[in-house]
Amino acid sequence: MGETVKTKEKMTGALPGFIISIVIGFAFYFGLKALSGNNAVFDYNNMISGILDSVPKQIAWFFMNFTEAQFYASVFAGIGIILGGIVAWILAIKNSKYAGFDVCYGSSTLFPWVLASQLISLGLAIFVFRYINGFADSSVTWIATFITVVGAPPAVMLLYGPSVPALLTSSIIGGLICAPTAIWIGDAIVTPWKLPGVVANVSTMAITGIIVCMVCKILPWIKPVPVKPHRTEAAPADDVYSTSWFVRRVFAEFTEAQFYGNEVASAFLLAGAVIGTIVCGNHGAYGSGAVPAIILSQFVGAATGVFLYAGKFDNGGWYATYVPVVSVGPACVLMYGANIPVAVFAGVLGGIIGGPIAQFFSEKLPEGVHGTVANVTSMTISTITVSVVISALPWF
């Protein structure tokens, strides 16, 4: 009694929200193209030149790694997403009306633990295990040290809660195995088969995610710890069919890969990407100058997914509509050209298939494995599929 009975379930999102999101994406594209700077100090190639002999450049690489998932690889965006995550966390635990979506999928009190796992595991990979020594080979222009930031360590914290043994174990194992696994897959599979480079990264996230989660499951010193809720009562339900929710959701997709999933954190991230591009157009995206097209593809991909699958978020649900934001769109832009046709086509197709593929694999995961493994598996398949389609079409 008292409940509204729907005679027809609404599934798609608000069309005005979709249009606004696309317009924002094009505004970023044309704005950044016009404002792109040329400060040589922050040129990507200069940032990695002589990095083994420069501690400041190694620290810069550390912050750049925080936005590798978005393909920005920007110092400014890296600092931005960390600061944005902290601001979003503070707003969440204070139950501020400006908090936006709860960080860490509603487990906002876990944010310091998630961030700690990212800082520790990445620090180990760069400064202790020294995987950046690969830059000693002058032909090497990039190394996948970032995997731990968006992979197993933070996922383990979401599975086991505020546990010091889980934090240290997952951070050490993740920092140790992620980068070399990605390097091997890249050299042995991706390069010979001429696949998009991101395939090595996201498949590594899936493989190492399963390994680390399974190891943590059998280790006797790792036990789940209850997560203290930051609310005393349930948050009011969002209207997932409203225009405002749609735009907020699209922005939140930009930080889903880091497990923040919050529009405030995303605003800081994008502000950093904008600053980096204004300072030097060849700072982000590995010196390719492709940041404007990458951001356009991300807005298109996120907007397409949210529009098609908004109903999945109803009643507190969640759906992996962020998949194309950190895989298909940016990868295809770098592979086939930093232009509007590629950005739009890859974004739309990625937005259509990314979520459903992730859902399919999420239903197959063994117990004790975090759902992010299904998402990154979707990234692998989606990126390969869309890249094959684009390569087969004569107008690209």
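Of the possible donor and acceptor atoms, none in the side chain of Q70 sits under 3.5 Å from a partner among the backbone N and O of V326. Proximity of a side-chain donor or acceptor of Y44 to a complementary backbone N or O of T141 within less than 3.5 Å is detected. One N or O on the side chain of S163 and one on the backbone of A166 form a donor-acceptor pair closer than 3.5 Å. Side-chain atoms of S96 do not come within 3.5 Å of backbone N or O of A92 as any donor-acceptor pair. Without hydrogens or angle criteria, S288 side chain to A285 main chain gives a donor-acceptor distance under 3.5 Å.
When hydrophobic side chains of Ile, Leu, Val, Met, Phe, Trp and Tyr are connected at separations under 4.5 Å, V225 ends up as a singleton with no cluster partners.
Ring to ring, F396 and Y336 are not that close: their centroids are 6.0 angstrom or more apart. Centroid-to-centroid, the aromatic rings of F299 and F28 come within less than 6.0 Å. The ring of W318 has its center no closer than 6.0 angstrom to the ring center of F101. In this structure, W245 has its ring center under 6.0 Å from that of F313. Aromatic ring centres of F76 and H283 lie closer together than 6.0 Å.
Contact record, V328 with G350: CG1-CA, 4.0 Å, taken as the closest heavy-atom pair. The two residues P330 and S297 make their nearest non-hydrogen contact at N-OG, 3.5 Å. Of all heavy-atom pairs spanning G276 and S74, the tightest one is CA-OG, 4.4 Å. The nearest pair of heavy atoms linking A374 to S362 is CB-N, 3.3 Å.
Here the CD-CD1 distance, from Q118 to I81, works out to 8.0 Å after rounding to the nearest 0.5 Å. Rounding to the nearest 0.5 angstrom, the gap separating the CD1 atom in I86 from the CG atom in L115 is 6.0 Å. Of the inter-residue distances, the one linking I48 atom CD1 with S138 atom OG reads 10.5 Å to the nearest 0.5 angstrom. To the nearest 0.5 Å, the span separating NZ on K364 from OG1 on T377 amounts to 13.0 Å. Atom CG of residue N375 and atom NE2 of residue H370 lie 8.5 Å apart, to the nearest 0.5 angstrom. Annotation: the span from I147 atom CD1 to C178 atom SG amounts to 6.5 Å, rounded to 0.5 Å.
Contact of the M157 side chain with the F259 side chain is not registered, since no non-hydrogen atoms from C-beta on lie closer than 4.5 Å. Taking 4.5 Å as the limit, some side-chain heavy atom of E256 sits within range of a side-chain heavy atom of Y105. Contact annotation: the side chain of L159 never approaches that of P224 to less than 4.5 Å [non-hydrogen atoms, C-beta and beyond]. For the pair S327/Y322, no side-chain contact is recorded, criterion being any heavy-atom separation below 4.5 Å from C-beta on. The closest side-chain heavy-atom distance from L176 to L124 is not below 4.5 Å. A 4.5 Å side-chain heavy-atom check between W113 and L158 finds every atom pair outside the cut-off. Between T385 and L349, every side-chain heavy-atom pair lies at or beyond the 4.5 Å cut-off.
A donor-acceptor contact closer than 3.5 angstrom is absent between the side chains of W184 and T204. Counted by atom type alone, S121 and T148 present one or more donor-acceptor pairs between their side chains at under 3.5 Å. Residues W142 and E68 bring a donor and an acceptor atom of their side chains to less than 3.5 Å of each other. Side-chain polar atoms of T145 and W61 form a donor-acceptor pair below 3.5 angstrom. Q359 and Y309 are not linked by any side-chain donor-acceptor pair at a separation below 3.5 angstrom, with hydrogens and angles left out of the test. A donor-acceptor pair shorter than 3.5 Å cannot be found between the side chains of N262 and T255.
With respect to the salt-bridge test (charged N to carboxylate O, under 4.0 angstrom), the residues E253 and R248 do not qualify.
Summarising the local packing, CG of N38 is surrounded by 12 or fewer heavy atoms from other residues, nucleotides or ligands at distances under 6.0 Å.
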